[in-house]
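Accompanying notes for the structure given below.
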Amino acid sequence: MDLSKTVNLPYTEFEMKANLPLNEPNIIEFWKENRIYYKALNKNKNNNKVFILHDGPPYSNGKIHLGHALNKILKDIIVKYKTLKGYYSPFIPGWDTHGLPNEKAAIDTFKIDRKKVSPIYIREKSKEIAVNYSEIQKEQFIRLGVFADWENPYLTLNPSYESIIVKSFGELYQNGYIYRDLKPVYWCYECETSLAEAEIEYKNKISPSIVVAFKLLNQEFLNKYNLNEAYILIWTTTPWTLPANVALAFKPDSSYVIINYNNNNYIISKEALFNSWQLEFIRKGEYKILFEFNSNELNNLKAKHPFIDRESILLPADYVDISDGSGIVHTAPGHGLEDYLTGKKYNLPILSPIDSEGKFTDEIDFLKSIHVNQANNIIIDIIEKNRLLLNKGNYEHSYPHCWRCKNPVIFRATYQWFLDVQKMKDKLVKEVNQVKWYPEWGLIRMLNMLENRPDWCLSRQRVWGVPIPVLYCNNCKKPNVNKVLVDHIAEIISKEGSDSWFKNDSNYFKPNGYKCMYCSYEDFSKEEDIFDVWYESAVSHLSVLYNNLKFHPSDLYLEGADQYRGWFQVSLITSVGVLDRAPYKAVLTHGWVLDEFGRAMHKSLGNVIDPMEIVEEYGADILRLFFATTEYTNDIKISKKTLATIVEIYKKIRNTIRFILGNLYDFDINAFDLNIDNLLLLEKYILFRFKELLNEIEGFMEKFEFHRYVNEIYDFIVHDLSSLYLDIKKDVLYTYAKDSFERRSTQLVLYHILKSLLIILFPILSFTCEQAYKHLKYTDSISCYLESFPDFNNINFNLDEINNVKNIINLYKSSLPIFEVLKNQGNFKTLNETILKIYSNDNSLLDYFQNNFKLIKEIFRVADIELSNSYNFANLKDKQITFSIGDKNYTLFIDFIKSNYLKCERCWNYFKELKQIENHKVCNRCLDVLKNVGIVI
RNA sequence: GGGCCUCUAGCUCAGGUGGUUAGAGCGUACCCCUGAUAAGGGUAAGGUCUCUGGUUCGAGUCCAGAGAGGCCCA
């Protein structure tokens, strides 16, 4: 007789080796074929619980990187959790498709000469690229296990979406937030377009650096200080902006000086004497201070422009830094934002004699058609010839560059459409304060950013985008914007797409019988500018939430922390502008994925890791588990080493699942009902622990603390299950009669815990849980995702019983080091061949142990236990432990001695006596089992 | 230059309102098991909490400064 054949060893087809890269695609196929995402939605549709996470659209001009993967996986975890909790939680993915990067890509890829082909052709090719990449990204997200309405994503190029873009402009206009104005904007003369702040990169650049003298014209001021003449000094690194100079700005109410050097009098701030700017004679102190005066005396004085017959006015400005340069700032309202604001305040002319290619217009005749870069030297020469140049040199500084073509940009005043952010600032602040920010510092960051937010230039001079819906009267030239007109245009675009604007004549877009709102003329020209792409993604809440889902505001926005300035902010602005409220109730941000040294990933550094490489090597579940174990609100460092750790954690989880599955191979759920009162102590204990676990992890998930969620579950798996409960219960599972009460109740508990584990881990390890779920019997659903999040709250426990088990487990844990020492001395090898000896001089404590004899024996898995109140301290000095019952502490001694018991050949436990069966010796219990199954008569 | 953030064992994370020898897991070393087996169990060694200064009887935990890194902006 082979006794090992009479033992109930685990069996399952759920393999130990995961082989995720190979198996995951099959599971994806299963989800797709069975429409699991949609089934779960349907299931919760009438639950009256809704949770909407609104997806921010990634830009569709490349494959996904780890940042995209992190973002979508985090979103997926939340949506899956909410769905399992019974929420109706549709997740509509989106893509940002218009804009310069794709237009550039089209021009490069298809070698397009912008001046020779029609806008329609460029748009067609841009669309090809955008759609292609959105499809690629979609497949990649699906491969990561992300559940979403992949059949109906929102693309900003969809006509229905475009019409919302157009329509919202009309609504903002009607609400008084839109204006048109000449304004300096970042301008790229290579791309011939204005750029949003988001399209600017700062890089170091070497610029010419000159100090220029403006001759003071006010005789009264000169007389006061007994001077014949004096010059105001300014320092600039952009000589080409001097033709547009109309003012000189000084810091109000500050100390300024008149100094004399080489028989000339110069006016600068007092501070300027002590900083190391360009002038050598100042650095060397070769000047004489003639007078010191309050800068307010400069107010409204006039100076002569260094090479144009024009006066420049002296004005106060708070932003002037008295310790920077001369402390007096050359002001050209057409070429700088602060200059512009000063210009507006004092009604100065806004000069902008530069065309779209960066060349001077005929406003300045000697510079006509000359590019700003060439103009610098010409201007410097003229100033030098006029003997007004005090210094010329080079200066390296951080300077704005175009994010696409990497060329330096300029400030240039042009007519643009603006969204008046200043006007709604109070409302924005109010709304921001009502949003729940995760992490909390998001609130402060958002408020700080809003404070400095300038008005939003909405217009772009490009073709790949949505047209700004304005018609210009061909008679009075005034722009026509109103609700009737805009809604009409939106209607056309919703049917024909924005291509229509580029294909059709201007008058195609006016409603029947429409006349100019100013002069009643009936012939119009189209606006040629398109919307900033940020505007397009900024109205996603109007299209996806308000229009389609009929649910606004959303419960959550979740993006990288860079979006405080980006999508969070622009969405807030359009939402307040149109609907007077924020588009989100809560905002959650994540950090960036960095390399193992904590550096950002850059192509130039060669440290970029492709998420799909990780998926192909380890599997998507590994990447998901990795992200779920990080504190993602900070930046995340990723490396092979870290992934190896994750693989180990994964294996442990998988093996535990597999072991439980294996022990359920003959489980019969109908054996009896789960009635807590019927169960044995350890079964109650493990269920109690699981209930505790559920309560804890739900708290973590509500706060989006996935790493604590996973760690807590993993802790349970390692400590409570694998090393304790499962290890102890092997004896029952393997050697007890199949239908014994002990074995069946253990199986029942294992069944419920496993099923629950698969559900609570599903949001993280979707593939593995789904696969394991298929091996679980007695389930009602075809997918783990169609289950409900487990709830043990209606199970009540006798806390005295539970605490009792806890006490004994603590006794066991603190006894193990003593056992380990004895084992290493060679006295014995395993616990079950030893006798546990407990010494205490407290008889009530010994009674306590006597009453828990069975439990102690089960947990310790020893052959026997001996309790004693007499002992020799000398023999036990290293065997003292502290034992607690409640808050009462006892000191006692623990010893293990090798028993002379005999090993049962079937269950491998040790007994005082065994029975002989055929050629084997077995214990009484095993004998009963063998008789029961008829092996022994 | 400004706003915001991060810095605890080799790695990933815990460490309410400041208070005994700073906790886990993974990894490492060693041991046991061979009926979870390219598994399972156990024990141990690893941090003075980035640095400096301060407040305090007492600080990883509060304050100030520095360093390294990240995002956003000028």
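Proteins get letters first, then strands, A, B, ... in listed order; numbering begins at 1 in each. Reckoned from all heavy atoms, side chains included, excluding hydrogens, waters and symmetry mates. No experiment lies behind these values; they were computed from the predicted model shown.
- With B:G40, B:G3, B:G70 as the candidates, the nucleotide lying closest to the side chain of A:Lys730 is B:G40.
- One finds no salt bridge joining A:Asp621 and A:Arg654 here, because no Lys/Arg side-chain nitrogen approaches an Asp/Glu carboxylate oxygen to under 4.0 Å.
- As rounded to the nearest Å, B:A64 and B:G2 have P atoms that lie 16 Å from one another.
- Comparing the P positions of B:C4 and B:G65 gives a spacing of 12 Å, expressed to the nearest Å.
- Residues A:Ile73 and A:Leu70 fail the side-chain proximity criterion, which asks for heavy atoms closer than 4.5 Å.
- Look at the C1' atom in both B:G58 and B:U43: the space between them is 35 Å, to the nearest Å.
- Residue A:Glu440 qualifies as open at atom CD: its count of foreign heavy atoms under 6.0 Å is 12 or below.
- Closest to the A:Trp592 side chain, of the nucleotides B:A39, B:G35, B:C72, is B:C72.
- No side-chain donor-acceptor contact under 3.5 Å links A:Lys921 to the backbone of A:Lys903.
- Listed in residue order, the members of residues 713-720 of chain A having a heavy atom less than 4.0 Å from RNA chain B are A:Tyr714, A:Asp715, A:His719.
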Reading nucleotides 6-14 of chain B 5' to 3', which nucleotides get B (base under 4.0 Å from a protein heavy atom), which S (sugar-phosphate only), which -?
S---SSSSS
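- Side-chain contact between A:Leu643 and A:Ile622: present, with at least one pair of heavy atoms (C-beta onward) separated by less than 4.5 Å.
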Bracket string, RNA chain B, 5' to 3' - pairs by Watson-Crick or G-U geometry under 3.5 Å, | interstrand
(((((((..((((.....[...)))).(((((.......))))).....(((((..]....)))))))))))).
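- B:G47 and B:A14 are spaced 14 Å apart, taking the C1' atom of each and rounding to whole Å.
- Around atom NZ of A:Lys203, more than 12 heavy atoms belonging to other residues, nucleotides or ligands sit under 6.0 Å away.
- Remark: the separation of the P atoms in B:U61 and B:G53 is 14 Å, to the nearest Å.
- Across the C1' atoms, B:C73 and B:G16 are found 35 Å apart, a figure rounded to whole Å.
- The nearest whole Å value for the distance from the OH atom in A:Tyr734 to the P atom in B:U34 is 13 Å.
- A heavy atom closer than 4.0 Å to some atom of RNA chain B occurs in A:Glu820, A:Lys823, A:Asn824, A:Lys829, A:Thr830, these being the qualifying members of residues 820-834 of chain A.
- Taking for each of A:Arg445 and A:Thr656 the nucleotide of RNA chain B with the nearest heavy atom, the 5'-most of the two is the partner of A:Thr656.
- Residue-level contact check: A:Ser722 touches the bases, meaning some heavy atom is under 4.0 Å from a base atom.
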What pairs of donor and acceptor atoms, side-chain ones from residues 695-707 of chain A against any protein atom, are under 3.5 angstrom apart with sequence neighbours left out?
{"unit_1": "A:Glu698", "atom_1": "OE1", "unit_2": "A:Lys85", "atom_2": "NZ", "d": "2.6"}
{"unit_1": "A:Glu702", "atom_1": "OE1", "unit_2": "A:Lys82", "atom_2": "NZ", "d": "3.4"}
{"unit_1": "A:Glu702", "atom_1": "OE2", "unit_2": "A:Tyr81", "atom_2": "OH", "d": "3.2"}

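- Between the NE2 atom of A:His401 and the P atom of B:C73 there is a distance of 16 Å, rounded to whole Å.
- Taking 4.5 Å as the limit, some side-chain heavy atom of A:Thr768 sits within range of a side-chain heavy atom of A:Leu20.
- Note that CD1 of A:Ile894 is 5.0 Å distant from CG of A:Leu811, once rounded to the nearest 0.5 Å.
- A donor-acceptor pair is defined here as one N or O able to donate and one able to accept, closer than 3.5 Å; no such pair exists between the side chain of A:Asp635 and the backbone of A:Val593.
- Contact annotation: A:Lys651 does not reach the phosphate of B:C26 (side-chain N/O to OP1 or OP2, under 4.0 Å).
- Put simply, A:Ser723 has a side-chain N or O that comes within less than 4.0 Å of OP1 or OP2 on B:G42.
- Between the OH atom of A:Tyr709 and the C1' atom of B:A24 there is a distance of 19 Å, rounded to whole Å.
- In B:G60 the base sits anti relative to the sugar, since the glycosidic angle is further than 90° from 0.
- Across all strands shown, A:Gly591 has no heavy atoms under 4.0 Å from either base or sugar-phosphate atoms.
- On the P atoms, B:G25 is 12 Å away from B:G41, given to the nearest whole Å.
- Straight-line distance from the CZ atom of A:Arg565 to the C1' atom of B:C4: 13 Å, rounded to whole Å.
- In this structure, the side chains of A:Arg861 and A:Asp727 come closer than 4.5 Å at one or more pairs of heavy atoms.
- Distance from the side chain of A:Ile649 is smallest to B:G25 among B:G25, B:U37, B:A39.
- With hydrogens and angles disregarded, a donor-acceptor distance shorter than 3.5 Å links the side chain of A:Arg658 to the backbone of A:Phe14.
- Rounded to an integer number of Å, the gap from A:Lys903 NZ to B:U34 C1' is 10 Å.
- For the pair A:Arg658 and B:U37, the criterion of a side-chain N or O lying under 4.0 Å from OP1 or OP2 is met.
- The 12-atom threshold is exceeded at CD of A:Glu396, counting heavy atoms of other residues, nucleotides or ligands nearer than 6.0 Å.
- Between B:G41 and A:Lys652, a contact under 4.0 Å exists linking OP1 or OP2 to a side-chain N or O.
- Non-hydrogen atoms lying under 4.0 Å from RNA chain B are contributed by A:Val7, A:Leu9, A:Met16, all within residues 7-18 of chain A.
- A distance of 7.5 Å separates CG in A:Asp562 from NE2 in A:His590, rounded to the nearest 0.5 Å.
- Protein atom CH2 of A:Trp437 is 15 Å distant from nucleotide atom C1' of B:C5, rounded to whole Å.
- Looking only at side-chain heavy atoms (C-beta outward), A:Tyr901 and A:Glu833 stay at 4.5 Å or farther from each other.
- Phosphate contact (OP1/OP2 of B:A74, side-chain N/O of A:Tyr186, threshold under 4.0 Å): present.
- In this structure the side chain of A:Leu682 reaches within 4.5 angstrom of the side chain of A:Tyr725, judged on heavy atoms.
- You'll find the side chain of A:Val718 stays beyond 4.5 Å of the side chain of A:Thr656, heavy atoms only.
- No donor-acceptor pair under 3.5 Å is formed between the side chain of A:Lys637 and the backbone N or O of A:Thr642.
- Across the protein-nucleic acid pair, A:Glu596 atom CD and B:G69 atom P stand 16 Å apart, rounded to whole Å.
- Of the P atoms belonging to B:G18 and B:C63, the separation is 11 Å, rounded to the nearest Å.
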